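Just so we're on the same page: letters track the sequence lines, and every chain starts at 1. Quick caveat, the model's predicted, so the values are computed rather than measured. Only heavy atoms go into these numbers, but all of them, side chains included; no hydrogens, no water, no symmetry mates.
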Amino acid sequence: MSTPLLEVEDVVAGYRPDLPIVQGITLKVAEAEMVTIIGPNGAGKSTLIKAVAGIVQVSSGRVRLAGAEITRLPTHRLAQAAIAYVPQTANVFTTLTIDENLLVGASTLAKGEARRRMDRSYENFPVLKEYRQKKAKVLSGGQRQMLAVARALLTEPRLLMLDEPSAGLSPLMVSEVFQRLKALVEGGVAILMVEQNAKAALAISHRTYVFAEGRNRIDGPSAALAQDPQVASIYLGAGGRKR
Amino acid sequence: MLQALADGILSGSIIALGAIGLTLTMGILRFANFAHAELVTWGAYMALAVLAVTGTFMGPIAPLSFGIPLILAIVVAAALTSLLALAIDWLVYRPLRRQTNHLTLVFGSFGISLLVRMVILLIFGGAAQYYSTALQIAIPVAPGLRIMPDQLFTLAVTVVIVVALHFFLQKTRLGLAMRALAENPELARVNGIDTRAVVRWTWVIGASLAAVAGVLYGLTIQLRPEIGFHLILPLFAAVILGGVGNVFGAVIGGLVIGLAESLAVLVVPSGYKMAVPFLILLAVLYLRPTGIFAGTVGGVK
Amino acid sequence: MSGFAAYLVFFLIVALTYSIVTMGLNLQWGYTGLFNAGVVGFFAIGAYGTAVLVGPDRAQLIGGFALPFPVAVVGGMALAALAALVVGLATLKLREEYLAIATFGIAISIQLVALNFEALTGGVNGLVGLPRPLFTAFGSPGAYNLFYLAVVASVALLVYVALEVAVRSPWGRVLKAVREDETAARSLGKNPAAIRLQVFVLGCTLMGLAGGLYVGFIGYVSPLDFLPILTFQIWAMLIVGGSGNNLGAIVGAVGVWALWTMSGLGVSRLLPVAYQSQGGAIQVIIIGLLIVLTLLFRPRGLIGEAEAVSRHAR
């Protein structure tokens with residue numbers, strides 16, 4: 001079996017060293033695979049991807065990307081290391097224009113290359129092109145999500161991490177965002193995302209991890225987990241601590 | 001009245017230069033830096049020291065009271081002030097940033113402000129000093145209005161710097177990175193921006209502007225170790241009035257504070273002049289804590 | 001009394017007066033995390049307020065109420081509280097830094113009023129010849145000073161005990177919650193802004209109390225006793241003693257005041273007259289270094305690594 005793209009091994013992480021939220025999580029994402037993380041509130045889902053993105057301090061355990069250790073790489077270096085991350089809230093710069101938002105996303109690229117890739121994102125996301133000189137604060141929630149994804153893709157990452165991309169979006173918008181993500185995976189990008197909407201997550205992804213109390217409890221092919229009664233029990237909080 | 005307006009614009013433009021640096025550092029480093037005004041004093045005295053070393057090897061450019069040596073001294077003073085700012089950041093603020101309570105940084109800057117002021121007093125003494133002993137004659141511009149050529153130079157420098165800084169922030173990658181960092185540091189890092197490098201450049205820009213403000217202050221008024229101490233309040237008032245992190249706002253804020261100080265003297269005894277920025281600050285905090293123009297870092301929690 | 005003993009009494013009266021200011025600051029910073037950059041202003045308001053209320057009737061001066069000393073001190077405290085209220089209401093709902101900036105501003109403004117409002121404050125000359133409480137009841141200045149030391153020490157002890165009781169009360173336990181986790185405090189049904197305002201006003205009132213006691217002892221007020229450096233000195237006293245520790249605040253006040261007095265003595269003895277002003281700078285640099293180095297290397301204080309510190313401060 002070839003080396004997985006992302007390997008997370010026994011990671012412990014949190015905002016304060018004495019209060020770890022993620023308490024020993026292990027997971028893998030293969031190339032061009034879509035993996036979702038579900039679980040009750042406070043299970044450590046968002047904290048885990050923030051730890052992989054370098055925003056939250058990892059106190060023990062390892063993170064590897066294509067076999068190379070990236071555990072304590074500074075956050076800005078991860079963008080160069082082919083990992084992109086889209087936070088759940090505050091995922092665009094509202095005081096900057098759409099164009100400037102994309103330019104920031106391309107800040108590790110040479111100027112000409114940045115411009116070429118930005119033109120390509122405008123083709124992929126025509127709504128952004130329409131507003132390119134407007135401040136991002138005029139965008140709706142769904143348009144902001146599009147901008148955030150478009151921005152994250154500028155570096156042509158091999159792994160895209162998203163924190164609840166469907167949060168706060170209308171059902172129509174959710175299906176559009178998910179269709180786009182599916183297309184990305186077909187194009188070869190691996191996706192690791194946290195999703196509150198368990199049903200939608202199980203329906204769209206290849207594999208799913210169920211977290212509870214800072215650990216991964218169950219994982220497997222999404223289609224199989226959708227039928228698993230134990231998943232329902234954890235997801236509904238029977239095994240988890242509600243906060 | 002006319003004279004008071006002109007004087008207000010002049011002192012306001014010096015406050016504005018200091019306030020631009022302070023608003024940038026407050027917006028990006030996210031703490032109220034009590035030591036920023038001391039960089040103004042430091043810059044003014046570094047230029048004096050440079051002049052003492054080089055001597056006035058060339059005469060003044062008429063009608064100004066100074067020549068190439070002072071312009072050279074401004075550049076060197078800006079570099080030396082940037083060095084001081086970077087050294088303070090490295091030695092004091094960087095370790096303090098790791099502590100959970102961010103007010104510790106404010107506390108640290110409070111202590112540093114005292115140290116810088118006293119080191120200047122120790123080295124240069126407390127007496128007032130001047131870059132040039134040559135007397136400059138004020139030119140009558142209009143009835144009741146006399147302006148010295150040095151004052152016009154000060155205004156011109158301020159305008160050029162503000163315009164250049166605007167283009168820098170709008171058109172360059174570093175300027176864009178600074179604006180991104182001011183809004184959302186985490187998202188900036190995720191986007192591949194090396195925030196430590198941007199922070200260093202923020203110090204260099206803020207300190208250089210402070211140094212220029214200091215030299216212009218020394219040129220049009222005089223050099224004293226208390227320049228910075230007397231500027232702390234006007235600078236903060238200008239920054240908060242204009243919206244923290246808003247460069248354009250800091251310029252307007254600086255002009256408003258300068259004008260208010262100078263016009264207030266027409267109605268109240270001049271001894272109370274220094275309280276004017278405080279009253280404006282208090283009014284802004286009560287009425288519109290985000291400032292007239294929205295800042296990147298709002299005042300309301 | 002020998003010269004040294006008399007000096008020691010004098011020294012302790014001033015140091016313990018400052019310890020009351022430091023305890024007020026400790027309540028604000030050590031327990032609640034409020035940064036007061038204008039300590040000297042509230043101390044000065046208490047002093048000037050007391051002086052105006054206690055002073056005899058004089059031509060060309062406002063005031064001259066000739067009130068009994070304790071009443072005058074309470075008046076001074078009330079004025080300090082009022083000033084704190086004005087600043088606190090403007091800033092305590094905003095970002096924490098704004099309190100620091102506004103307190104710095106009010107201290108500057110108070111200094112300007114002290115210097116310029118001659119009809120009230122006597123301007124640069126200050127107000128002299130103020131009655132000292134019970135002065136005539138004592139035979140000698142030495143005996144009076146001993147009495148006054150007992151008064152200041154008792155007040156300091158009273159403030160200490162009251163603060164220790166207060167911080168252990170349910171009200172005091174909320175302070176830490178307000179400082180460390182605003183959301184948690186709110187979820188407990190506490191209004192953080194209201195609690196901050198209470199703490200800030202209370203702390204400033206204590207500073208005003210100390211100002212009143214100071215005037216009762218020296219018998220005059222002069223703007224020279226209320227220079228901005230005093231704010232830094234009080235901060236040094238607090239951080240050296242360990243913020244969040246009331247006993248440390250007292251020890252820090254005595255320790256830093258001793259250091260200040262001795263360094264002043266050293267400067268005046270060792271340096272030639274021409275360099276005396278520079279020597280003053282060295283004295284202040286010591287205070288600045290004390291603050292910055294303690295903050296960097298011993299954030300819990302130099303002396304106050306007691307159990308009380310680790311419980312309250314991080």
> Among C:G280, C:A236, C:A37, which has the most heavy-atom pairs under 4.5 Å with chain B?
Replying inline: C:A37
>> Under a 4.5 Å cutoff for heavy-atom pairs, which residue among C:T91, C:I110, C:I287, C:L289 has the most contacts with chain B?
In response: C:L289
Which value, rounded to the nearest 0.5 Å, describes the distance between [X] atom [atom1] and [Y] atom [atom2]?
X      : Y      : atom1 : atom2 : result
C:F104 : B:S113 : CZ    : OG    : 7.0 Å
B:L279 : C:I106 : CG    : CD1   : 9.5 Å
B:L233 : C:I101 : CG    : CD1   : 9.0 Å
C:I229 : B:R117 : CD1   : CZ    : 8.0 Å
B:T290 : C:R95  : OG1   : CZ    : 12.5 Å

> Can you say whether the rings of C:W235 and B:F107 are parallel (under 30°), tilted (30 to 60°) or perpendicular (over 60°)?
Replying inline: tilted
> Mind checking what makes salt bridge (charged side-chain N to carboxylate O under 4.0 Å, His left out) contact with B:R94, not counting sequence neighbours?
Replying inline: none
> Would you say C:E96 and B:H102 make side-chain contact, with heavy atoms under 4.5 Å?
Replying inline: yes
>> Out of B:L287, B:I232, B:L282, return the one with the most heavy atom pairs under 4.5 angstrom to chain C.
In response: B:I232
> So among B:V92, B:L114, B:L91, B:L96, which one has a side-chain contact (heavy atoms from CB on, under 4.5 Å) with C:V292?
Replying inline: B:V92
>> Please determine whether side chain to side chain contact (heavy atoms under 4.5 Å, CB included) holds for the pair C:I108 and B:F229, giving the CA-CA distance in whole Å, both sets of side-chain angles, and the decisive distance to 0.1 Å.
In response: CA-CA 10 Å; C:I108 298 271; B:F229 185 74; 3.8 Å; yes
>> side chain to side chain contact (heavy atoms under 4.5 Å, CB included), that's the test. Do C:Y98 and B:L281 meet it? Break it down for me.
In response: CA-CA 10 Å; C:Y98 288 13; B:L281 177 75; over 6 Å; no
Could you pull out the closest heavy-atom pair between [X] and [Y], with the gap in Å?
X      : Y      : result
C:G33  : B:L103 : O-CD1, 3.2 Å
C:S109 : B:F278 : OG-CD2, 3.1 Å
B:L122 : C:A281 : CD1-CB, 4.1 Å
C:I285 : B:M118 : CG1-CB, 3.4 Å
B:T104 : C:W29  : N-CH2, 4.2 Å
C:V86  : B:Y286 : O-OH, 2.7 Å

> So which part of B:F34 gets closer than 4.5 Å to some heavy atom of chain C, the side chain, the backbone, both or neither?
Replying inline: side chain
> With a 4.5 angstrom heavy-atom cut-off, which part of B:V276 approaches chain C: side chain, backbone, both or neither?
Replying inline: neither
>> For B:F248, is the CZ atom crowded, meaning more than 12 foreign heavy atoms sit under 6.0 Å from it?
In response: no
> Using a heavy-atom distance cut-off of less than 4.5 Å, which residues of residues 111-121 of chain C contact chain B?
Replying inline: C:L112, C:V113, C:N116, C:F117
>> Under 4.5 Å from any heavy atom of chain B, what part of C:L89 do you find: side chain, backbone, both or neither?
In response: both
>> Let's go through C:I291 and B:F110 carefully: what are the C-alpha distance in whole Å and the side-chain angles of both, what is the deciding distance for side chain to side chain contact (heavy atoms under 4.5 Å, CB included) to 0.1 Å, and is it a yes or a no?
In response: CA-CA 9 Å; C:I291 291 177; B:F110 199 58; 5.8 Å; no
> Can you list the steps and then say if C:V284 with B:L115 is a side chain to side chain contact (heavy atoms under 4.5 Å, CB included)?
Replying inline: CA-CA 8 Å; C:V284 181; B:L115 280 176; over 6 Å; no
